[in-house]
Each structure stands twice: as C-alpha cells, then as structure tokens.
Amino acid sequence: MCGIVGGVTDKNITPLLLEGLNRLEYRGYDSSGLIVLSQKNSFDRARSVGKVSNLEKNLKLRNKEINGNIGIAHTRWATHGEPSSRNAHPHISKNTVSVVHNGIIENYIELKNSQIRQGYEFKSETDTEVIAHSIDLEMNSCTSLVESVQKAVKSLQGSYGIGVISSKYPDQIIAARKGSPLLIGIGENGNYIASDQMALLSTTKKFIYLEEGDIAEVKLDKVTIYDLNGKIVNRPAQESKLKAGQANKGNFDHFMQKEIFEQPQAIRDTLESRITNNSVISSSFGHQADEIFRSITQIQIVACGTSYNAGLVAKYWMEDIAKIPCNVEIASEYRYRRPIILDQTLFIALSQSGETADTLEALKIAKKLNNTLKSLCITNSPESSLTRLSDLTFLTHAGPEIGVASTKAFTTQLVSLALLLCAIGKLKGSISKMQESEIVSGLKKLPGLINETLLQEKQIMHLAKRFKNNSSALFLGRGTMHAIAMEGALKLKEISYIHAEAYPAGELKHGPIALIDKNMPVIAIAPNDELLEKLKSNLQEVKSRGSQMIVFEDESSKVQSMDAMEVIQITSNLGRITAPIIFTIPLQLLSYHVALEKGTDVDKPRNLAKSVTVE
Ligand code: G6P
C-alpha cells in the first residue's frame, strides 16, 4: 500500500511531488523518495527513511535544488526489504530507467536470478528493482518506452501500480496497473499520475481511472492509454467532487483525538438525508436497492481490521432483528478459500478506504463464483475502487479520517449497518414500522449520548496512567459486545503496542482463564441486556483469580464494585443498536490515553498504514 505520485509539467515538478507525498503518507511512512529528470536528462534522486518530513529536511540540506519538469515519487510501506534508504523508491536501472511501485512481485526471485546472470547489479532487497531492470532489458529491442513497459510487465506475477521514467525518453511517464490502484490526473499545465486523487487535488480535479492491465503514456499535452491487449482505448475523464482542503488538527493534539470527538457530528452526517419521519429511505443505498433487498435471502459481509469488527456487530443485528442469515469473514481468508455462494446473496464489502486490496479481491472473486451476486459497498471514500465495482454504494459520510487507528469510520459504519438493517428488514417484512421507528429514534439520540460519554475522558485518563506498564490485557464481552471488545483490543494493540486479546466472556473458562493473575488486567463491557447476569458470573470467575479489572457498565447494570475493580458508568438504558456504538467510545479513549502515557506516535503507529492496498 505504498503511495505513488508523478507528473510531466511545464514548471519544476518537485514541490508537487512533495505535496503529493504528504497527502499520500496515510498509505505508508517507512521511507519516501523522489526522482526528477534534470535539464541535462540525468536523474536526480533523494530518498530518506521515515516520514516525508525527513525527505523534506534531507532536500533542504542539499546545496543544489532538485529541479526538472518530469518526476516520480513514492512513500513506502515495506514488504520486501527493511525500511532503509537503499530500499526506498524510486529504484534505478543502469541510469536509464527509474521506477516507483505499489504492490508485490511474487516471482521476483526468479527474475532477479535471471537478471543477475545477464549482468544486472542489485542495489536493494526489494521486489521492485526487477521491474526497473526488466524495462531496461526490453529497451534494447523496443522503439518506445511504452512498448518496453508493455513487454516487461508480461513477465511480472503479482500486483503492481507503477510509474516509470527514462533518461532516453525525457518527455513522458509510463503508468501501468494490475491489482493496485493508479489514476491519471489531467491538468492545465501538465498531466500526472497518482495512486489516489488526494495526492493531486490541489492541481486538478479531472481524473482518468486506469483499468486492470491498462498502460498509459503520459506527456505534457497528451495521455494515451493502452488496454491489456495493447489496443489504444478511450477512458473518459471524470470530475472529482472531493475538496483539496488539507485536514488539520484544530485544537486537538492528535488527529485520532479529534476524530474521536468528531463522532457526534459524523453520525449526524451519516443520518442526514437517509431518514424521514423515523423511517429509513431505502433508496439511499442506490436506485436498485429496493428490488435487490427484497430478493435476497442471505448476507455475506467481507472486511478487514476495524471494518471486520463492525461486520461482526451487524451479524448479530441482521439475524436477531431482521431474521436474515448473515455471515462475516475476513477478506484475506475469504478470497482464497473458494466459498460456496448461494443465489440471492447480498455481498457487503465494508471498508473505510474502499481500496483495501483483500476486500476488493474478495468482491471480484465472489462475483466470478456467482454471477447472480448482488453487491453493496459501505465505504467512506466516494470515488474509491470498491464503489466502482459494487452494484450499490452507501457512503458513511464520516469525513476524512487521518489517524491510522480507525474511530469515527467504525461508529459511522455501525450506524450505516443499522440503517441497512432497517431497510432490509422493512422490505422483507421482518421489521415492523414500530421497530424501525424505535431503531431510528435511537440512532438520532447517538450524538447526544456520545457527547455525554466523552465527558468520562478525565476518569479514563486516570485509568490509563495505571495501565501503561502492563504488557497484556484481556477484553471481555458477550453478544455484540464481543465484537466491541475485539475493537477495543485492536485499538490498544495498534497505538500503544500492548498485547491485547478479546474473548466472548463465556469462552473464558475454555482456556484464557489460565492467563488470569494480578498482571493480566481485564476490561469488561457490561450493558444491561439479557446476558448481563451471565456476564456478572464471568466477572466473578475473573475476580476470584486476582485480576485487576475495569468494567464499563450501563448505569442500570449495577455491577458490584470490589477490590481491584474499577466500575465506570457510561450512560443508561442503551438499546441493542445504540449500546455497541456507545461502549466503543470509552475503549477508544482508553487506548488513546494509554498511548499518550507510553509516548507512542498515536496518529502514525509503527508498521501500520491507513489503507492497505497490497495483500
Ligand atoms: C488497515 C487500517 C485499519 C483498517 C483496515 C481496513 O489495517 O490500519 O484501521 O481497519 O486497514 O481498512 P478499510 O479501509 O478496508 O476499512
């Protein structure tokens, strides 16, 4: 999930490359680099380990500016080879070809061995360097750069989005994609390439989305696109509705903190124009939504990370309330296990970014396995790859989420899934008007309830101080709260680097209880629901083994506080739909404050990326 940006312009390209890299940093920040063809048609390259700001510092320290009209740049999330300057992109072959790459070349060892035999020298441990050498090799027998790239990519197995420049063809960039996103930006003073339109929004709003196997020749005043078979094709440019405005932290210390506090507004925005008189407007899922929802007999949700946890909550809702069978699966498993997909299945791809490679691939495979499949994507990214592949699209309207650890995207996904629950249940006759009205009025109360819950921050800060020296934690919940416990454990792992696991509280006795002692804190979620008494018994089992406990409860749950047990009351009388959303908030705050105590990089935790566009 590296980020690529590049361009051919009539002015110095370096500032545009740096701005693009900063905007693409959410795709990875292990290292970054750029290369420009100077006036003398020679390469001028800079690479640095760590964030883009390090590359900027590195450029300032140079006594000569990097200046030229053509360049490509890259921000890396390491797959092959440690994060280091020599593994950072762009890579160069024989001073004639330079490449930036997002994706994974699976047969790189085989290609590397053959290229070494042909006299190529490898300067990095990456899989990307073979692409540069393959193109250089093809240039010996081809009459254009595009032809060399067309031939070179034939030998590549795996996924790629690449940008290529050559000192022999100083007027063009070649862009090629298979399995990794890449688009062309059409500007007034030049043309550009990028993995995501965010990188180019302050330069252009006109984009051409490359299709699988496309190769584009990008020049100052012309873009030519060749399809998989080498035929020139016309791919129309589309006008983006996104705004360039750089997100800022306002009065907050971190994006994650800001995004936690933005949840009331984000949920208002998700609900806006989707409900009328306590009833869900089912056509907000798309024109064909009514017809599709009436016809389906089961649901398959596929997602990764936090989005997967949201899917788990929806499974309980869909089966219990809308009475429709619902399965949830991690996309990286689903895509490889040849699932049986029954007719009349609604496939839901759940993804904040709409670009997660495993989720996209799972959808493509599901469509191949059953061509009657109907698909819906629930995403926060209006012009993402998932929206282009799905029959129906529902946007979560959370606004840009910059913090790598997902917060408002998760709660708005839950709200979107609750709206979907009503739309499907209503059309299938399994949810009455009254039930729907109760659910919707509950959803409308969420912004106020979240604001109330956020007032617990001080108390949670206090808990976080005690927590920071722990090396592990166990999160417990039952029903939908098991999914929320999973999300709480994931948040803690992601940003505080404390090992955390979540268990359904009833499963504790089948193994994890062996871990419990005074060094294993347990965080339990105790809403006042039909499983409360069972959960209370589980808490006794934990308590009697000496654990330090934190219990987040509904005011009416009345969990009895004991020694070494802190009970924090959230709010009262939450319903089946509102409870999982509200109980998420203290867990987000807890992991945020533990991370602050530990001094980790909250918004850009180590080894992670916001959008994972490689498998
Ligand atoms: C990455 C992010 C997670 C996110 C997951 C799925 O791992 O760090 O926060 O939940 O990808 O992303 P998606 O965009 O598909 O929801």
Side-chain angles (χ1 to χ4, degrees), residues 1-3 24-30 77-79 102 180-181 195-196 198 254-256 259-260 266 301-314 328-335 347-364 375-387 389-390 393-414 416-417 483-484 486-497 584 587-588 591-592 595 600-615:
M1 62 258 203
C2 311
L24 287 173
E25 219 178 21
Y26 74 92
R27 302 177 75 90
Y29 35 79
D30 290 334
W77 184 79
T79 58
N102 170 29
S180 301
S195 347
D196 178 327
M198 283 304 289
H254 296 97
F255 280 109
M256 182 184 179
E259 287 155 9
I260 290 174
I301 301 178
V302 170
C304 301
T306 286
S307 299
Y308 170 72
N309 294 336
L312 286 177
V313 174
V328 188
E329 196 162 336
I330 286 176
S332 55
E333 286 299 314
Y334 187 88
R335 63 180 284 193
F347 183 101
I348 303 178
L350 201 51
S351 169
Q352 187 282 131
S353 62
E355 298 292 351
T356 300
D358 286 321
T359 310
L360 272 168
E361 209 48 41
L363 170 59
K364 287 184 200 159
S375 54
L376 160 69
C377 75
I378 298 181
T379 177
N380 196 32
S381 311
E383 288 154 38
S384 58
S385 304
L386 263 185
T387 62
L389 276 181
S390 307
T393 292
F394 190 85
L395 298 175
T396 48
H397 290 168
E401 193 183 62
I402 311 292
V404 165
S406 187
T407 51
K408 61 177 180 169
F410 178 70
T411 45
T412 53
Q413 278 174 345
L414 290 179
S416 307
L417 287 160
I484 300 308
M486 285 179 65
E487 178 55 11
L490 178 62
K491 284 291 86 85
L492 193 69
K493 278 187 272 219
E494 282 179 315
I495 60 168
S496 73
Y497 315 147
T584 301
L587 302 184
Q588 294 171 340
S591 53
Y592 173 70
T600 58
D601 190 341
V602 172
D603 285 332
K604 290 185 181 147
R606 69 184 181 204
N607 305 339
L608 297 180
K610 183 80 192 146
S611 175
V612 183
T613 58
V614 291
E615 68 167 297

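Owing to the predicted nature of the structure, the values given are computational and were not obtained by experimental measurement. In what follows, every heavy atom counts, from backbone to side chain, and hydrogens, waters and symmetry copies are set aside. Every number for a ligand or one of its atoms is a count from 1 in the order of the listing.
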### Sorted by chain and number, the residues that approach ligand 1 to under 4.0 Å with a heavy atom
Cys304, Gly305, Thr306, Ser307, Ser351, Gln352, Ser353, Thr356, Val404, Ser406, Glu494, Ala609, Lys610, Val612
### Task
Determine, step by step, whether Glu355 and Ser385 satisfy the side-chain hydrogen bond (donor to acceptor under 3.5 Å, both in side chains) criterion, reporting the C-alpha distance in whole Å, the side-chain angles of both residues, the deciding distance to 0.1 Å, and the verdict.
CA-CA 6 Å; Glu355 298 292 351; Ser385 304; 2.5 Å; yes
### Query
Can Ser307 and Gln413 be counted as having a side-chain donor-acceptor contact under 3.5 angstrom?
yes
### Query
Can you find a side-chain donor-acceptor pair between Lys491 and Thr306 that sits under 3.5 Å?
yes
### Task
With rounding to the nearest 0.5 Å, note down the distance linking CD1 in Ile330 to OH in Tyr308.
4.5 Å
### Query
Hey, does Phe347 have a side-chain heavy atom less than 4.5 Å from the side chain of Ser390?
no
### Message
Does Glu494 form a side-chain hydrogen bond (donor to acceptor under 3.5 Å, both in side chains) with Ser591? I'd like the steps, not just the answer.
### Response
CA-CA 9 Å; Glu494 282 179 315; Ser591 53; over 6 Å; no
